[in-house]
Amino acid sequence: MSEAVAAGESPVELLLRAAAMVPAERYALAAIIVVSVFLYRFLELHVIGDILRGFRGGRVELTFHPASEIYHRVASKCRLLHGRYLATPWLASPHLQTLFLGIYGTPPSFTYKRQLYTVRDGGTIALDWLFASDLEDGFISKDASTPLVVVVPGLTSDSAAAYVKHLVYSMASKGWNVVVSNHRGLGGVSITSDCFYNGGWTEDVREVITHLHHRYPKTTLFCIGTSIGANIVVKYLGEEGENTPIAGAVSICSPWDLLIGDRFISRKLVQRIYDKALAIGLKGYAKLHQPVLARLANWEGIKKSRSIREFDHHATCVVSRYETVDTYYRRCSSASYVGNVSVPLLCINALDDPLCTREAIPWDECRANKNIVLATTPNGGHLAFFQGLTARRLWWVGATSEFLSALHDSSYMHRQKANDHVLLSSLESSIDKSPYVNLMEDGMVAAVTKDGPSNDGSPLNHAADEQLSNEAGGGQQNVVSALNHNENSIGVGNDSPAEPVKQQGDDIHSNKLHEIIAPVKRSMSQLTRYQGRSVWLLAYIAFVTSWPLLGSLAFITFRKKSRNPLRAK
């Protein structure tokens, strides 16, 4: 060393000379180790963990209320929910699973039967059906007892997505009928109104479920939501409470809290990659409907969007009239509606989901609701859960089928209270039916109702009309016939005397007044019939509380009358 220093070599030169003496194979091995550790951490691989567990997989953790009958009588019979989940060994990463599902996914091969359904505001929804193998015709008879499953896909997904086809095929192979309710503008269907779907838009699901319930009243309805579709389904169930015809539901990889999810997806590099990829998908969706969106939203901002948040700022908030993106995320998060869910609900989430973070899962709310069973697995990715060496099966599809079958065979399916539903539908306001508002010229804000064009020829409309005529007891028909009779008797150019014309005009006004008052009378009669005890209780309370005042008035009146004869004398 001293000789090298004496020769005039610096310490850096000495270090380089020593490094050059190390064989190249050592450097290659070190580089492989560094890259492997980086990729292991970056891709969140869990191969080592699987090896240490002896390839038994991670245990499925269940969260439920201790007194939950749904768990003790239904979920406890599900073998998959009480076992372990082992991911496909060569897909031992949430990112690899999610990527493989999006690119390939090994979906089964079959063909849907499509039905186009027009909602009340003029929008069009594609309903893609797959019937059970024993049904040869393309329709369900109205007295069929075969269960029907409604599937709501995720963001920018439709019935052609691999995970949707896995689910649909699995349910149909068990003898159940399945229909996929595609979001507006997806599934190859154009936008036919000024309304778009979003992460909290429950109106389409509500109308489709109501339509199916009216058309097939004897069919048991179940509902399954995936990703953003799960957020929509849980929010719908929380909004409806007891007044839904759904007998049971399943939520798969729900984001739960959109605001927390927005913070999570922009936190790390790998999540930001997902954010940009989803933004590209949203911009592709927007481009398909550019003529409508360019008129309703900020099209230049949409084209420049590089994240989901930017897209929601320029498109979703503008079309759906939300003040800010955070306002949209807060109002449309299903976590706020979990407590009001009154339907047996199974929720499945992977703790390593790269899109929907575990931080947003409402653990306490699910534990407090006796109707909810929350199942979480250590691995699974987003909507993937591949298992087996060939990765041809999705674990959550089997768990969903097992839970719904056990629920269908039990006595714990939800039953809609028809009387309460009719009462609420007859008393609900026509103002607060839509999240949209119009800004008038004078600065006032006016609500826009959802009343729109009806579905021509739709069985739902005919059934609703018949139900309305039966409830009204033919009163509306009598009013219409009376009006038609008066119009025909008056006519154009009729030379009848003035007195009969005046009498007929009075009859028209009387019939119009009756037409206005009739719905109110029906609502009050229903209120009295279904809530009779409450009405009499209110009457009793009103009588008791007002008795002192009535007694005082009677005493004063009696004293005045007793004094008047004395003054007269």
Side-chain angles (χ1 to χ4, degrees), residues 40 43-64 70-71 74-102 104-108 154 161-167 169-171 174 224-227 230 249-256 345-361 363 366-367 372-407:
Y40 194 91
L43 296 178
E44 300 180 47
L45 294 167
H46 47 81
V47 179
I48 297 178
D50 292 341
I51 295 175
L52 294 177
R53 286 191 294 264
F55 290 101
R56 293 187 302 153
R59 184 180 299 276
V60 181
E61 299 292 340
L62 300 180
T63 302
F64 53 90
I70 303 303
Y71 170 75
V74 179
S76 62
K77 301 179 181 179
C78 300
R79 180 182 57 85
L80 292 177
L81 294 179
H82 291 81
R84 293 174 175 269
Y85 164 68
L86 175 64
T88 299
W90 49 276
L91 292 175
S93 163
H95 308 295
L96 293 180
Q97 289 214 52
T98 304
L99 184 64
F100 184 77
L101 179 65
Y104 187 56
T106 63
Y163 66 89
V164 175
K165 300 189 77 172
H166 273 285
L167 173 63
Y169 185 82
S170 174
M171 300 305 300
K174 294 184 179 297
I224 304 173
T226 58
S227 190
V250 180
S251 163
I252 307 296
C253 295
S254 173
W256 294 108
L345 174 64
L346 172 65
C347 305
I348 297 178
N349 280 84
L351 299 182
D352 66 348
D353 193 321
L355 295 176
C356 303
T357 173
R358 60 189 297 176
E359 301 170 11
I361 299 177
W363 304 90
C366 291
R367 186 179 292 107
I372 297 179
V373 175
L374 172 64
T376 56
T377 60
N379 312 118
H382 187 70
L383 297 174
F385 295 84
F386 285 105
Q387 58 180 172
L389 293 177
T390 59
R392 293 189 176 276
R393 291 180 292 121
L394 305 184
W395 176 86
W396 67 266
V397 172
T400 298
S401 176
E402 193 176 43
F403 174 80
L404 292 182
S405 298
L407 179 62

field: Phe100 and Phe386 aromatic ring geometry - parallel, tilted or perpendicular at 30°/60° bounds
entry: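 Perpendicular: the ring planes of Phe386 and Phe100 meet at over 60°.
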[X] side chain to [Y] main-chain N or O, any donor-acceptor pair under 3.5 Å?
X      : Y      : result
Tyr40  : Ile48  : yes
Arg84  : Arg56  : no
Gln97  : His382 : no
Ser76  : Tyr71  : yes
His166 : Thr106 : yes
Thr88  : Trp90  : no
Glu44  : Asp352 : no

Count the heavy atoms belonging to other residues, nucleotides or ligands that lie under 6.0 Å from [atom1] of [X], then report whether that count exceeds 12.
X      : atom1 : result
Arg392 : CZ    : no
Phe55  : CZ    : yes
Leu52  : CG    : yes

task: Flag the pair Cys253 / Trp396 as yes when at least one side-chain heavy-atom distance between them is below 4.5 Å, and no otherwise.
output: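 A side-chain contact is absent here, since even the closest heavy-atom pair is not under 4.5 Å.
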